[in-house]
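Chain identifiers are assigned alphabetically (A, B, ...) following the order of the sequence lines, protein sequences preceding nucleic acid strands; residue numbering begins at 1 within each chain.
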There are 2 protein chains.
Amino acid sequence: MRIGELAARAGTTTRTLRYYESRGLLPARRGSNGYRTYDEHDLRLLEQIRTLQDFGFELEETRPFVECLRAGHPEGDLCPASLAVYRRKLGELDALIGELQAVRAQVGTQLAKAEQAREELAAGAEVPGGPEPVCELGGRTR
Amino acid sequence: MRIGELAARAGTTTRTLRYYESRGLLPARRGSNGYRTYDEHDLRLLEQIRTLQDFGFELEETRPFVECLRAGHPEGDLCPASLAVYRRKLGELDALIGELQAVRAQVGTQLAKAEQAREELAAGAEVPGGPEPVCELGGRTR
DNA sequence: GTAATCCTTGACGCCGACGTCAAGGCAAAC
DNA sequence: GTTTGCCTTGACGTCGGCGTCAAGGATTAC
């Protein structure tokens, strides 16, 4: 099959396939007219790449999986190099998730504090002779 | 103070300050020699920006906080626009964390499956007459 | 005075994974 | 035969937040 069909069957674009080829990840045979030619096995490799990309793997990180498949293994993750990528990725994910959770907690705390402060200002404003309203009025309170 | 001192006090670089000014986020007064001039209040604004940046906020998302401070409020997050950013960010963080946890689970499952498959292959190999070894040997098993 | 340090603007570089155009060749349908 | 559609390579654009020169003016230290 040619590049357009492979791209369509894998749900990607021809540009992406040419990019993968330029990176040496998915080289193509060429027909007599210079057109790229692919087979079902290439589709398999491409699906492996796309799956990992969807997981957020960098393109280079998919290389061991592709090479594993190309070596004839039934799955791309049966080779040690692929397993190593999995493990490294798990560590990175855990670290990232932890950081994001910490940020989430901080932002949540800040939001709660700010809302609390605004409520107190609003309550004070309801009291005759209380403090001036603050936001969106252009006035400085101090 | 001049740009170098402000950068040093905020733990950032002069390039960053010029970038913020180019974005209209932190404009500077100019001395008679054309040098940028900043005061303590600018340091406060800059610290607000940096804190949010460290949280992973985009630069544009820090603008409401800076404007809130510039409007004279004691904290950058006391204005409605800032609170809206907080809330939107919380939603984005929750969504992102959820996605990453889903990916983490998938990768973990894949890793476990692949390790299991390799163990079975290894065990089979120990049996005389069992299947051929697979990885790193260049041989096709099927 | 002069060397070292600071400041100015302008502009290109970076990173990753492509998108998007341009100019032209080959092919298949009618 | 000609229109339509697929293919080719090449090359610039995208996004964010700056880093890193380069060329030159101002200031400060000695």
Expressed as a whole number of angstroms, how long is the span from [X]:[atom1] to [N]:[atom2]?
X	N	atom1	atom2	value
B/M1	C/dC6	CE	P	16 Å
A/Y19	D/dT9	OH	C1'	17 Å
A/D54	C/dA17	CG	P	13 Å
B/F57	D/dG16	CZ	P	16 Å
A/I3	C/dC26	CD1	P	18 Å
A/E58	C/dC18	CD	P	12 Å
A/L17	D/dC7	CG	P	10 Å
A/Y38	D/dT8	OH	C1'	12 Å

Does B/F57 have B/K89 sitting over its ring (NZ/CZ under 6.0 Å from centre, angle to axis within 45°)? yes
So does [X] get a side-chain nitrogen or oxygen closer than 4.0 Å to the phosphate oxygens (OP1/OP2) of [N]?
X	N	value
B/Y20	D/dC18	yes
B/R18	C/dT8	yes
B/Q53	D/dG16	no

Considering only NZ, NE, NH1 and NH2 on the basic side and carboxylate oxygens on the acidic side, decide whether [X] and [Y] come within less than 4.0 Å.
X	Y	answer
A/E60	A/R63	yes
B/E47	B/R9	no
A/E92	B/R104	no

With sugar-phosphate taken as primed atoms, P, OP1 and OP2 and all else as base, the protein-contact string of nucleotides 19-30 of chain D at under 4.0 Å (heavy atoms; B, S, -) is BB----BBS---
I want to verify a distance call: between D/dG17, D/dT9, D/dC18, whose nearest atom is closest to the A/R36 side chain? D/dT9
Nearest-nucleotide 5' precedence on DNA chain D, B/L59 against A/G34: A/G34
With sugar-phosphate meaning primed atoms plus P, OP1 and OP2, does A/R30 contact a base, only sugar-phosphate, or nothing at under 4.0 Å between heavy atoms?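 Since only primed, P, OP1 and OP2 atoms lie under 4.0 Å of A/R30, the category is sugar-phosphate.
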Would you classify A/R23 as touching base, sugar-phosphate or nothing, given that sugar-phosphate means primed atoms plus P, OP1 and OP2, and contacts are heavy atoms under 4.0 Å? nothing
Sort out for me which residue in B/R29, B/R70, B/R36 forms a salt bridge (charged side-chain N to carboxylate O under 4.0 Å, His left out) with B/D42.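 Considering B/R29, B/R70, B/R36, a salt bridge (charged side-chain N to carboxylate O under 4.0 Å, His left out) with B/D42 is found only for B/R29.
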Will you find, in the side chains of A/Q116 and A/E120, an N or O donor that is under 3.5 Å from an N or O acceptor?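 On atom types as modelled, these side chains qualify, holding a pair under 3.5 Å.
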B/E67/B/L25 under side-chain contact (heavy atoms from CB on, under 4.5 Å): CA gap, chis, key distance, verdict: CA-CA 9 Å; B/E67 288 180 355; B/L25 200 60; over 6 Å; no
